[in-house]
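The structure appears below as structure tokens.
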Amino acid sequence: MSAAPSPSAAAAHAEVHQRPVLEINQLEKCFGDTQVLTSIDLRVKPGELVFVIGPSGSGKSTMLRCCNRLEEPTSGSILLDGEHVTECHGRALDKMRLKIGMVFQGFHLYPHKTVLANVMLAQVKALKRSKPEAEARAKEMLEHVGLAHKASATPGELSGGQQQRVAIARALALDPKVMLFDEPTSALDPELVGSVLKVMKRLRDEGMTMVVVSHEMEFAREAADRVVFMDGGVVVESGTPDEIFGNPKSERLRAFLSRLSPGAA
Amino acid sequence: MRFLDTFFDGAVMAKYLPDLLSAIVTTLWLSVIIVIGGLALGLMLACLHSLGRWYLTLPIVAFADIGRALPPLVVILIFYFGLPGLGIRLSGPMVLILVLGGVLAAFAEEIFWAGLTAVSKGQWEAGRATGLSFAQTLFQIALPQAIRLGIPPLVNRALAITKMTALGSVIGVKEILAVSSSAQSFSGSATPLTMAALAYLAIFLPVVVLSRLLERRYAWAV
Ligand SMILES: Nc1ncnc2c1ncn2[C@@H]1O[C@H](COP(=O)(O)OP(=O)(O)O)[C@@H](O)[C@H]1O
Ligand SMILES: [Mg+2]
């Protein structure tokens with residue numbers, strides 16, 4: 001933890017409570033005969049931001065999607081705050097998913113609902129908040145991502161960056177214990193990436209526990225507590241941003257980094 | 001003035017107007033029941049279809065395909081003249097409602113289902129990932145989008161099928177065409193048929209215009 005570049009209250013907090021918020025044990029995933037994940041172990045402590053990098057097809061998305069069971073793990077266990085996600089079924093799984101926020105590359109806002117209704121829907125239907133309560137919370141979250149003035153717009157009227165921030169607000173409104181980001185800025189025009197990263201940076205500073213799959217290495221250097229490098233469905237290397245970017249040990253990581261930003265430090 | 005006497009004979013009009021008005025009422029209530037029942041049944045079948053269980057999918061797809069393939073008149077005749085042989089005697093309006101409602105349901109199932117499959121996987125995942133159940137995701141997220149996609153073809157299909165209430169004339173239902181064609185043979189004038197055409201226009205033209213407005217309103221950008 002000492003290597004965290006911007007020590008925050010949350011990071012200090014994390015030193016005290018060492019029980020991981022999210023724990024992945026010996027996760028394996030096969031699609032038919034193809035093994036996509038092999039013996040993945042990952043522990044994410046409270047307030048920690050774990051950044052996941054790796055070439056396309058290395059299983060990053062699949063790993064995230066196993067955490068909330070959008071994909072069914074073939075074996076292994078996932079624990080959230082000590083509770084088995086992998087043993088939940090039906091309604092219990094729906095309840096568990098409330099605690100795991102997910103942000104997709106493609107936003108997936110509901111096009112037939114207003115921005116406000118997007119952020120309210122699961123609060124009312126899944127969390128069973130009253131409508132006024134959900135609306136107040138939705139407005140608060142939209143304010144938080146800088147889009148309070150777009151509450152009555154429809155997603156189609158927003159830029160990609162704005163849509164992604166609404167998607168973040170939609171997940172945050174449910175008070176999740178952990179937020180999973182799957183390439184949140186990969187579908188955005190370069191000039192819109194910054195606004196989304198800024199929101200994520202702020203979330204981190206407020207102590208949200210986060211797992212971020214992304215190619216924004218600059219962001220990783222600034223905000224990540226730990227960087228995990230995946231290739232071919234295994235975790236090849238993990239360490240602080242300094243260790244991973246400054247002193248990569250494995251050949252595969254070195255190759256990946258040089259392919260990604262030739263000539264960069 | 002041959003034209004006016006043939007198609008717009010005032011005396012004939014006055015004579016058959018009351019009969020025709022009650023036929024219009026019959027056509028209207030039959031249409032309403034067929035449309036509401038057919039769409040509701042089609043929607044329900046599409047929802048069951050979305051569960052992805054083969055023992056539901058198989059009969060639903062069979063129903064939708066057979067319902068769309070058979071000419072309604074054939075089924076109407078079978079129901080009206082064939083079923084009594086099995087001891088099942090249905091009134092003319094009942095046969096009309098069952099058959100046309102069923103045919104509309106077959107088309108509606110297909111249209112709703114096509115709409116559901118057009119809703120992206122990401123929409124489902126966003127719903128489920130935020131803790132919504134399958135049913136909540138279906139009703140709150142997928143179906144509203146599927147219904148919007150389906151409105152133009154549904155309106156066209158509902159129109160086409162309600163116009164088929166005219167088939168009721170072959171099984172003694174006193175709807176517009178039956179009443180006006182019997183008036184035509186009694187009076188020897190084509191005027192009742194003109195009145196029938198006007199009545200159909202009065203009923204369906206507003207619906208066509210309304211559907212145009214509806215289409216324009218729902219052509220929303222994603
Ligand atoms: N639903 C699926 N069915 C079959 N193979 C899949 C499926 N989803 C992902 N894969 C395969 O799993 C591997 C890992 O994919 P993914 O987790 O998306 O990688 P990444 O996110 O790192 O690019 C890829 O080879 C991909 O083709
Ligand atoms: Mg991916």
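When reading the values below, keep in mind they use all heavy atoms of this one structure, side chains included, and skip hydrogens, waters and symmetry mates. Reminder, nothing fancy here: chain letters follow the sequence lines and each chain counts from 1.
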Does atom [atom1] of [X] have more than 12 heavy-atom neighbours, drawn from other residues, nucleotides or ligands, at distances under 6.0 Å?
X      : atom1 : result
A/R202 : CZ    : yes
A/K128 : NZ    : yes
A/E140 : CD    : yes

Minimum heavy-atom separation for [X] to [Y], with atom names?
X      : Y      : value
A/A122 : B/L132 : CA-CD2, 3.9 Å
B/I141 : A/H112 : O-CE1, 3.5 Å
B/A126 : A/R170 : CB-NH2, 3.5 Å
B/Q123 : A/P111 : OE1-CD, 3.5 Å
A/A126 : B/G131 : CB-O, 3.4 Å

Below 4.5 Å from any heavy atom of chain B, which atoms of [X] appear? Answer side chain, backbone, both or neither.
X      : answer
A/L109 : backbone
A/I100 : backbone
A/K99  : neither
A/K125 : both
A/R91  : side chain
A/Y110 : both

Could you tell me if the side chain of B/E125 sits less than 4.5 Å from the side chain of A/M102, heavy atoms only? no
How far does NZ of A/K95 sit from OG of B/S133, to the nearest 0.5 angstrom?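 Reported value, rounded in 0.5 Å steps: 11.5 Å.
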Check the pair B/T130, A/L121 against side chain to side chain contact (heavy atoms under 4.5 Å, CB included), reporting the backbone distance first and the verdict last. CA-CA 9 Å; B/T130 48; A/L121 181 64; over 6 Å; no
A/R69 vs B/R128, side chain to side chain contact (heavy atoms under 4.5 Å, CB included): CA-CA, chis, key distance, verdict: CA-CA 10 Å; A/R69 306 261 301 275; B/R128 298 310 303 274; over 6 Å; no
Please lay out, stage by stage, how B/Q140 and A/K113 fare under the test side chain to side chain contact (heavy atoms under 4.5 Å, CB included). CA-CA 10 Å; B/Q140 299 292 327; A/K113 289 183 179 291; 4.0 Å; yes
